[in-house]
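Contents: one structure, followed by commentary.
The structure displayed is predicted, hence computed values, not measured ones. Both ligands and their constituent atoms are indexed starting at 1 by order of listing.
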Amino acid sequence: MSLESIYTIMGVAPEVSRFCLETEDSLKERFAEIDRIAEVNQLKVLKAFQDNNVSEACMTGTTGYGHNDIGRDTLESVYASVFHTESALVRSQITCGTHALSIALNGILRPGDELLSPVGKPYDTLESIIGIRPACGSLKEYGITYRQADLLPDGSFDYDVIRNSINEKTKLVTIQRSKGYQTRPTFSVSQIGELIGFIRSIKPEVYIMVDNCYGELVEEIEPSDVGADLVVGSLIKNPGGGLAPIGGYIAGKQELIDRCAIRLTTAGLGKDVGASLDVNRLLYQGLFLAPTVTASAEKGAIFAANVYERLGYKCVPNATESRHDIIQSIVLGSPEAMIAFCKGIQKAAPVDSFVAPEPYPMAGYHCDVIMAAGNFIQGSSIELSADGPIEEPYAIYFQGGLTWYHAKFGIIMSLNEMVNAGIIKL
Ligand SMILES: *Cc1c(COP(=O)(O)O)cnc(C)c1O
C-alpha cells in the first residue's frame, strides 16, 4: 500500500499528503545526522547498562522502606554512567521536573546563600520556588536571595552583568538549557560549557546546576560533560522514553547528590529509603528507548518547522537552524488557527482522539490556554502534544512523538485541519 492511500484512509486530503511528503523529502540529510546521534546515544546507554551489570533482579521493585532496592540503586548508577557523573538520584518519589529542581535548590542552598541565574528568567514554575513570586515555602522565606543576569537582546550571555552579579554570597548558579516557553534560543551544550568556564574563572568554588529538561540525548554530550556539577530533569520528558510513568532525576557530584537525597527524604536517611514499587522495569526500558524516542520527537519538530515555514509562518527554531531541544514553536497568528492546529494533533492521538480541544482558563495563566494531548501518561510531553496561550502572537508550542511516524502524522493532521477550516490553501 502506498503512503498516500493509507493517509487517505486516515482522512487526509491528497494535496495535504503531497505537500507534506515533498517537505519530508528535503529533510533526508538532517534526519541522517539525527539518526547518527541517536545511534551514538543508544550505545552510550547500552554501555551504561552493561557496565553496571543490570540484571533480571533489577526489574522488580521493593515495598515499604525500600531497603536494599537493587533495581533502584543500580538504575541510579546507570544514570550516573550516562551523564558521566559520580552519582545520581532517580526516584518515583520525585513528582515532576519542578520538584526535582526544587530538591536540588533546597538541598544545596542554606540561609544567607545567594542563587544566580545568568540566563534570565527561569521556567515559570521556578518563580514560586525561588520567591520571585511570593509563595509559601520559597527559598526567599528561608533567607536565600536571588539574582538574575538577563540575556542580551540577541539571546547571548551578558558577561559583564554576570561578572558583576557574582559575589561572596553566590553559592549556586542555575542554567536553564531549553528555552521553555520563552522566545530566547535554547543553548547548545558547548555554549553552556563556555558559560560555565567563564563563571568558574570568576569564582571557581561556586556550584553550577543545569535545568536539563527537554535537552537530554539531543546531543552526544550533556552539560555534565562540560563542567556542570548537577543536571536535573523529568522522567516524563526525554529520559523516560515515554514509558516512565512518573519520576525525576538529579545526576552530579556525590556530595551534592547526597544533600539532594537528604532533602528528598530526610536527614539521616538520604538515599537509603524510597521503595521503587513496580516502576523499575519501566524506568529501565524507558531509558533504553530514550535515544530513539528523543530522535523521533526531534524529527517531528524539524518536520513541523519545515512544513509551516514553507507556508509562510514564523517558526522558532526556524526550518534550517541546529537544534538543542525538542520544542517547536509556530506563530500561527490567530485563535482559529491555534484551535485548528490542536484539533489535528488531537485527532492523530492514540488515546482520546475523539475529543476536540478548546481554549479554557487555566490556573497560573492570565489568558485562555489550549492544549492537545492524547497521552498514555498524563501530562507527558515526550508524547505528541501541542499547547499555547490564546494571546498575541498566537504561537503554538509543539513537542514530542513516541515514534517519528506518529509525530509526522500529527503534523499532517494539523495541516489537514487548517486546510479544512479554510485557514490555509495549498
Ligand atoms: C518541563 C520543564 C520544567 C518543569 O517540568 P514539570 O515536570 O512540568 O514540573 C522545568 N524547566 C524546563 C525548561 C522545562 O521544560
Side-chain angles (χ1 to χ4, degrees), residues 89-106 115 117-130 132-133 135 137 139 148 151 155 173-189 191-192 209-219 222-223 228 230-242 244-251 260 264 283 286 290 294 297-298 301 316-317 323-329 362-365 369 371 373 375 377-389 395-400:
L89 191 63
V90 186
R91 300 285 168 127
S92 56
Q93 287 84 9
I94 301 178
T95 57
C96 60
T98 302
H99 188 199
L101 290 159
S102 175
I103 290 165
L105 294 171
N106 280 284
L115 169 69
S117 169
V119 296
K121 190 183 94 61
Y123 197 72
D124 262 25
T125 55
L126 264 75
E127 291 188 4
S128 304
I129 297 171
I130 295 169
I132 300 171
R133 197 185 314 134
L139 294 171
Q148 173 176 316
L151 296 168
V173 174
T174 182
I175 300 170
Q176 184 180 312
R177 178 172 173 183
S178 165
K179 64 180 169 303
Y181 297 114
Q182 286 169 271
T183 48
R184 68 148 167 100
T186 288
F187 305 120
S188 68
V189 173
Q191 279 176 301
I192 290 172
M209 71 176 241
V210 172
D211 173 352
N212 209 20
C213 283
Y214 286 134
E216 297 94 349
L217 302 165
V218 170
E219 297 186 40
E222 298 290 336
L230 221 53
V231 285
V232 184
S234 163
L235 299 194
I236 62 167
K237 293 180 180 172
N238 307 15
I246 192 169
Y249 77 89
I250 307 173
C260 293
L264 172 66
L283 302 195
T294 302
E298 211 189 334
V316 182
R323 304 255 154 181
H324 310 292
D325 67 14
I326 62 165
I327 310 285
Q328 179 63 49
S329 97
M362 198 172 100
Y365 286 85
V369 175
M371 296 196 171
N375 286 2
I377 308 283
Q378 185 191 110
S380 164
S381 44
I382 188 65
E383 295 183 47
L384 186 69
S385 48
D387 46 79
I396 199 83
Y397 294 85
F398 166 85
Q399 67 268 311

Item to complete: Return a yes/no value for Gln176: is any of its N or O atoms, backbone included, closer than 3.5 angstrom to an N or O of ligand 1?
Response: no
Fill in: Test of proximity, Ser178 against ligand 1: N or O pairs below 3.5 Å
no
Worksheet item: Do the non-hydrogen side-chain atoms of Ile129 and Tyr123 ever get within less than 4.5 Å of each other?
Response: no
Practice prompt. State the atoms of ligand 1, each with its element, that fall below the 4.0 Å cut-off from a heavy-atom position in Leu101.
Written response: 10 (C)
Worksheet item: Which of these, Thr95, Ile94, Asn212, Thr98, has its nearest heavy atom closest to atom 4 (C) of ligand 1?
Response: Thr98
Worksheet, complete the sentence: for atom 5 (O) of ligand 1, nearest protein heavy atom and its distance come out as Lys237 NZ, 3.4 Å
Item to complete: Would you indicate whether the side-chain heavy atoms of Glu298 and Val218 approach each other to under 4.5 Å?
Response: yes
Worksheet item: Of the protein's non-hydrogen atoms, which lies at the shortest distance from atom 11 (N) of ligand 1, and what is that distance?
Response: Asp211 OD2, 2.6 Å
Discussion item. Any non-hydrogen side-chain atom of Val210 less than 4.5 Å from a side-chain atom of Leu230?
Written reply: no
Worksheet item: For Leu126 and ligand 1, does the shortest N/O to N/O distance drop below 3.5 Å?
Response: no
Worksheet item: Between the side chain of Gln328 and the main-chain N/O of Tyr397, is any donor-acceptor distance below 3.5 Å?
Response: no
Worksheet item: Do the non-hydrogen side-chain atoms of His99 and Gln93 ever get within less than 4.5 Å of each other?
Response: no
Worksheet item: Are the side chain of Glu383 and the backbone N or O of Ser380 linked by a donor-acceptor pair below 3.5 Å?
Response: no
Practice prompt. Please confirm whether Tyr214 comes within less than 3.5 Å of ligand 1 when only nitrogen or oxygen atoms on both sides are compared.
Written response: no
Worksheet item: Does a salt bridge link Glu219 with Arg323, judged by any charged N lying under 4.0 Å from a carboxylate O?
Response: no
Worksheet item: Where is the nearest protein heavy atom to atom 7 (O) of ligand 1: which residue, which atom, and how far?
Response: Gly97 N, 2.8 Å
